[in-house]
Amino acid sequence: MIPKSILPFARFRSLREYQPISGPVAAPRFEFEDAGGRFDCGLWQVLYEPMTVLVDHQKPNVSGQARIHIYPDTRNRSATLRVEALKPFDNQDHNLTFYKVIGADLALAPWQRWYLKRTFRHSVRKGSNFLSTYDFKVYKQLAALFSFPKPVRLVSVPNQDLAKHFPIDLCATVGQTVVLGVRNSNQAMQQLQTGAIFYLGDAAAADYTSIYTLGKFMGSEDPTETIAIGDCQVPAVISGYRKLQLQQRIGFENQTIYIAAVLEEVTLNDKKPLFHLHKIWMARHQKYVTVA
């Protein structure tokens, strides 16, 4: 039996598990906490396996375990990540460290906790996830990392025969450096050599249907309308792009981190950006505009 308290939220059943929403959205705030105190930081998820985030914090050479508090609207906390330092990332202007996510605490009402478990069980039955370990602990980490709008990007890799395009949500842009995570099964990225040029586009919310047909989400032919970016024909589903040059890669068992330098940044139009948000947070932030 559905609790009476959830009846007003029956509309959740029509939402996607990771709901596409349209920008603009308020910038979230992140707070880093360890034995040395608490201070604001930058946070980006860059891998699913292992669940890894890149943190831009005020102190160099941070190690050990810490907590990262997430505030989607800068005031109300949605979640706290428990993290463990993996390795620092050399950057001239920022103190960056890769952290493995080892747990998550969610600021949910009782009915939301019930609904999250229900959504998890449904997700398991669908069998659509690609993670080698997929239990409720991992699912809570995913819900935490999707408790604020996560932007969708479109990667375009030039090719002599046909450019390859695919959407991602594992991406960090820090100054003139881009860090992104891609599955090892992605042959287009695996074939890139150090110094190679590729492109990172800002996915447009109005074109979400076309975006989901690209790359590993292929369900039909690529959109026929394209725009020329250098020597690459890119589907016209982006509002802007960054021209990137691959500098380094860090390999893991199932995914690889690619680190690239930004050579050029271009705005093409004023289309609103596309984000994803776990639907459990839609009741708390009803100001978000759904696009599917």
Side-chain angles (χ1 to χ4, degrees), residues 9 12 15-33 38-48 51-58 66-83 94 96-109 112-113 115-116 119-120 123 131 137-154 167-174 178-181 200 202-205 208 211 239 272-292:
F9 304 95
F12 277 15
L15 298 177
R16 298 190 183 192
E17 184 178 6
Y18 297 96
Q19 175 63 39
I21 62 174
S22 172
V25 297
R29 182 171 69 87
F30 307 104
E31 192 175 56
F32 184 91
E33 178 184 11
R38 295 173 68 145
F39 45 84
D40 287 347
C41 68
L43 173 75
W44 304 269
Q45 184 183 5
V46 293
L47 286 181
Y48 283 113
M51 200 81 71
T52 305
V53 295
L54 179 65
V55 177
D56 180 5
H57 40 55
Q58 298 175 358
R67 294 175 180 268
I68 300 173
H69 307 288
I70 300 172
Y71 300 85
D73 55 6
T74 72
R75 293 177 299 164
N76 300 310
R77 183 180 65 87
S78 62
T80 295
L81 298 174
R82 299 191 299 278
V83 299
H94 299 265
L96 302 174
T97 304
F98 290 110
Y99 284 86
K100 179 180 179 181
V101 180
I102 57 177
D105 301 312
L106 307 179
L108 297 175
Q112 289 177 305
R113 291 194 293 270
Y115 194 84
L116 187 69
T119 306
F120 167 68
S123 179
L131 302 179
K137 177 182 178 181
V138 170
Y139 195 71
K140 287 172 62 179
Q141 295 172 20
L142 290 170
L145 289 164
F146 280 89
S147 67
F148 57 94
K150 183 184 289 187
V152 179
R153 311 293 189 192
L154 183 71
I168 63 169
D169 57 19
L170 299 175
C171 183
T173 300
V174 188
V178 167
V179 181
L180 51 89
L200 184 71
D202 300 318
Y208 74 92
I211 290 166
S239 60
K272 295 179 180 179
L274 176 64
F275 298 85
H276 283 155
L277 184 78
H278 193 288
K279 68 177 182 178
I280 195 64
W281 306 103
M282 290 296 292
R284 184 169 173 175
H285 303 284
Q286 296 185 38
K287 61 181 180 292
Y288 292 135
V289 178
T290 63
V291 294

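A donor-acceptor pair under 3.5 Å is formed between the side chain of Gln45 and the backbone N or O of Leu47. Side chain of Ser123 to backbone of Thr119: no donor-acceptor contact under 3.5 angstrom is found.
Around CZ of Arg82, the count of heavy atoms belonging to other residues, nucleotides or ligands within 6.0 Å exceeds 12.
In this structure, Cys171 SG and Leu154 CG are separated by 11.5 Å, a value rounded to the nearest 0.5 Å. Put simply, CD1 on Ile168 and CG on Leu180 are 4.5 Å apart, with the number rounded to the nearest 0.5 Å. In this structure, CZ in Arg38 is found 4.0 Å from CD in Glu31, a value given to the nearest 0.5 Å. In this structure, Trp44 CH2 and Asp56 CG are separated by 5.0 Å, a value rounded to the nearest 0.5 Å. Rounding to the nearest 0.5 angstrom, the gap separating the CD1 atom in Ile68 from the OG1 atom in Thr80 is 10.0 Å. How far CG of Leu274 is from NZ of Lys150: 13.0 Å, rounded to the nearest 0.5 Å.
Salt bridge annotation for Glu33-Arg67: absent, with no cationic side-chain nitrogen under 4.0 angstrom from a carboxylate oxygen. Between Asp169 and Arg153, none of the side-chain N atoms (NZ, or NE/NH1/NH2) sits under 4.0 Å from a carboxylate O, so this pair counts as no salt bridge.
Phe148 and Phe30 have their aromatic ring centers within a separation under 6.0 angstrom. Proximity of the aromatic rings of Tyr208 and His276 is defined here by a centroid distance below 6.0 angstrom, and this criterion is not met.
Among Phe146, Tyr288, Phe120, Tyr139, the single residue meeting the ring pair (Phe, Tyr, Trp, His ring centres under 6.0 Å) criterion with His278 is Tyr139. Each of Leu96, Leu43, Thr97, Asp40 was scored for a side-chain contact (heavy atoms from CB on, under 4.5 Å) with His57, with one residue passing: Thr97.
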